[in-house]
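Taking it in order: structure first as structure tokens, then the write-up.
The residues of the chain are indexed from 1 along the displayed sequence.
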Amino acid sequence: MALTGRAALLAALGSLPVGIWDPGWTGILAVNAPLAVACACDFALAAPVRRLGLTRSGDTSVRLGDTADVTLTITNPTRRPLRAHLRDAWPPSTWLPGTEVAASRHRLTVPAGERRRVTTRLRPTRRGDRQSDRITIRSYGPLGLFTRQGTHKAPWTVRVLPPFTSRKHLPSKLARLRELDGRTSMLTRGEGTEFDSLREYVPGDDTRSIDWRATARQTTVAVRTWRPERDRHILLVLDTGRTSAGRVGDAPRLDASMDAALLLAALASRAGDRVDLLAYDRRVRALVQGRTAGDMLPSLVNAMATLEPELVETDARGLTATALRSAPRRSLIVLLTTLDAAPVEEGLLPILSQLTQRHTILLASVADPHIAGMATARGNTDSVYEAAAAAQAQAERHRTAEQLRRHGVTVVDATPDDLAPALADAYLALKAAGRL
């Protein structure tokens with residue numbers, strides 16, 4: 001029970017004549033008695049808070065950057081109308097900075113025996129599960145002199161999914177895939193073994209694709225077109241160790257890796273390949289296996305939603321052993337990890353042969369665009385030193401990438417904005433070369 005500013009003002013005004021008319025307690029009580037009665041009546045007429053019923057409905061998931069609407073239904077079972085201010089509390093990362101007060105507070109009036117709905121609009125700023133906190137309700141009497149206040153719990157969880165911003169590249173990659181798959185007039189020859197059709201030779205075609213028997217039966221030179229092999233297994237391996245926590249721009253490296261993995265998964269599923277996911281640092285953080293083409297992408301997005309970088313060194317041997325168990329047959333293993341020299345040379349290189357002798361390995365790493373900017377900076381002494389440090393860092397990454405290529409690994413090293421399309425292009429190049 002709280003004394004409002006209006007009640008305090010009325011009490012002060014009611015006590016002014018006391019010192020003139022009668023300095024005793026009798027005078028004070030005589031003057032303030034009507035005010036006390038009014039306050040008591042106001043308090044008595046305020047709807048009780050504890051007896052209210054609250055239930056939730058609305059969105060249970062939302063992509064990062066989009067909005068989610070969660071509806072709160074307030075039922076007033078009492079005989080008094082509810083005039084209230086309501087605060088629907090959620091974690092700070094559920095709102096854009098500076099919008100929490102406007103989005104979480106509501107005014108409402110619920111007549112006796114009726115119900116009303118209020119909608120809280122969320123716009124999360126981080127991935128993961130966001131759970132509602134307490135609901136605070138302040139019930140006012142008809143005069144607004146006194147209030148009743150209480151809290152309720154109405155649990156609700158909204159899962160914030162990765163934004164998948166790279167999906168804008170999917171149409172162009174699918175067009176390239178259709179070229180490889182023999183579905184357009186721009187047919188290309190891969191090294192796969194799945195024969196597609198015959199067509200007339202045009203200058204520039206690979207002479208190895210000429211079908212001499214078919215040519216002998218007609219007046220023009222005929223060439224075979226080949227379809228990239230389908231139903232291949234792809235294992236996406238997300239390194240969630242400490243190096244994935246490094247921020248590039250406004251987000252951790254892990255977020256850029258996940259975005260690239262989602263584009264590759266969407267493309268591979270359209271190509272008829274099977275896609276699994278493994279997230280690992282020192283233990284398995286997520287594992288998605290055996291999903292159908294229609295269920296694969298939602299399963300990956302849902303599994304990635306709660307992933308966070310772990311501030312531990314990745315166990316390369318454990319990662320390799322888990323990847324081999326997850327891919328018992330020949331597969332394309334896509335490692336989304338770092339190109340920093342120490343983790344690669346001390347952790348990955350010593351055990352890389354265990355992967356390359358059975359599988360095709362594609363390693364993708366997030367490069368920092370700020371380093372490229374530093375390397376071109378000039379104008380003063382500080383800029384020159386920064387450029388030298390950036391050039392040294394770039395040279396170290398290039399040396400590490402070359403070491404991996406000498407072991408038969410395909411390496412993609414690109415900035416966050418370019419990593420997803422570059423990884424998709426590398427996958428299509430492997431398909432075109434018949435290496436899947």
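Here the side chains of V411 and L339 are in contact, with some heavy-atom distance below 4.5 Å. A 4.5 Å side-chain heavy-atom check between W90 and P124 finds every atom pair outside the cut-off. Put simply, the side chain of Q289 reaches to within 4.5 Å of the side chain of L287, judged on heavy atoms. With a 4.5 Å cut-off on side-chain heavy atoms, L404 and L363 count as touching. Using a 4.5 Å heavy-atom threshold, the side chains of L54 and L52 count as touching. The shortest side-chain heavy-atom distance between V301 and P162 falls under the 4.5 Å cut-off. Contact annotation: the side chain of I137 never approaches that of H85 to less than 4.5 Å [non-hydrogen atoms, C-beta and beyond]. Residues L335 and L362 fail the side-chain proximity criterion, which asks for heavy atoms closer than 4.5 Å.
Between E402 and R399 there is no salt bridge, since none of the side-chain N atoms of the basic residue sits less than 4.0 Å from a carboxylate O of the acidic one. A salt bridge is absent between E310 and R242: the closest approach of a Lys/Arg side-chain nitrogen to an acidic carboxylate oxygen does not fall below 4.0 angstrom. Taking 4.0 Å as the cut-off between side-chain N and carboxylate O, R121 and D69 count as a salt-bridged pair. Under the 4.0 Å criterion applied to side-chain N and carboxylate O atoms, R283 and D315 are not assigned as salt-bridge partners. Taking the charged nitrogens against the carboxylate oxygens, R87 and E100 do have a contact shorter than 4.0 Å, which makes a salt bridge. Ion pairing between a basic and an acidic side chain is recognised when a charged N comes within 4.0 Å of a carboxylate O; D66 and R123 show no such pairing. For K431 and D273, the salt-bridge test passes: some basic side-chain N is under 4.0 Å from an acidic carboxylate O.
Counting non-hydrogen atoms of neighbouring residues, nucleotides and ligands closer than 6.0 angstrom, the CZ atom of R167 exceeds 12 such neighbours. More than 12 non-hydrogen atoms from other residues, nucleotides or ligands lie less than 6.0 angstrom from CD of E114.
Of the options L235, L332, L324, a side chain to side chain contact (heavy atoms under 4.5 Å, CB included) to H359 is made by L324 and by none of the others. Screening T60, T306, N302 for a side-chain hydrogen bond (donor to acceptor under 3.5 Å, both in side chains) with R159, the sole residue that qualifies is N302.
Side chain of T240 to backbone of Y280: a donor-acceptor contact under 3.5 angstrom is found.
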*Given the rule in the side-chain hydrogen bond (donor to acceptor under 3.5 Å, both in side chains) test, do N380 and S383 qualify, once you have shown the distances and angles that lead to the verdict?*
CA-CA 5 Å; N380 55 50; S383 297; 2.9 Å; yes
Run the side-chain hydrogen bond (donor to acceptor under 3.5 Å, both in side chains) test on R397 and T400 for me, step by step, so that the C-alpha distance in whole Å, both residues' side-chain angles and the decisive distance to 0.1 Å come before the verdict.
CA-CA 5 Å; R397 287 179 72 88; T400 304; over 6 Å; no
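A donor and an acceptor atom, one from each side chain of N76 and T78, are located under 3.5 Å apart. Between the side chains of H106 and T120, at least one donor-acceptor pair of N or O atoms lies under 3.5 Å.
We find the CG-OG distance between D340 and S365 to be 7.0 Å, quoted to the nearest 0.5 Å.
Among residues at least two apart or in separate chains, side-chain hydrogen bond (donor to acceptor under 3.5 Å, both in side chains) pairs with a member in residues 247-260 are R127-D255, T165-D259, S166-D259.
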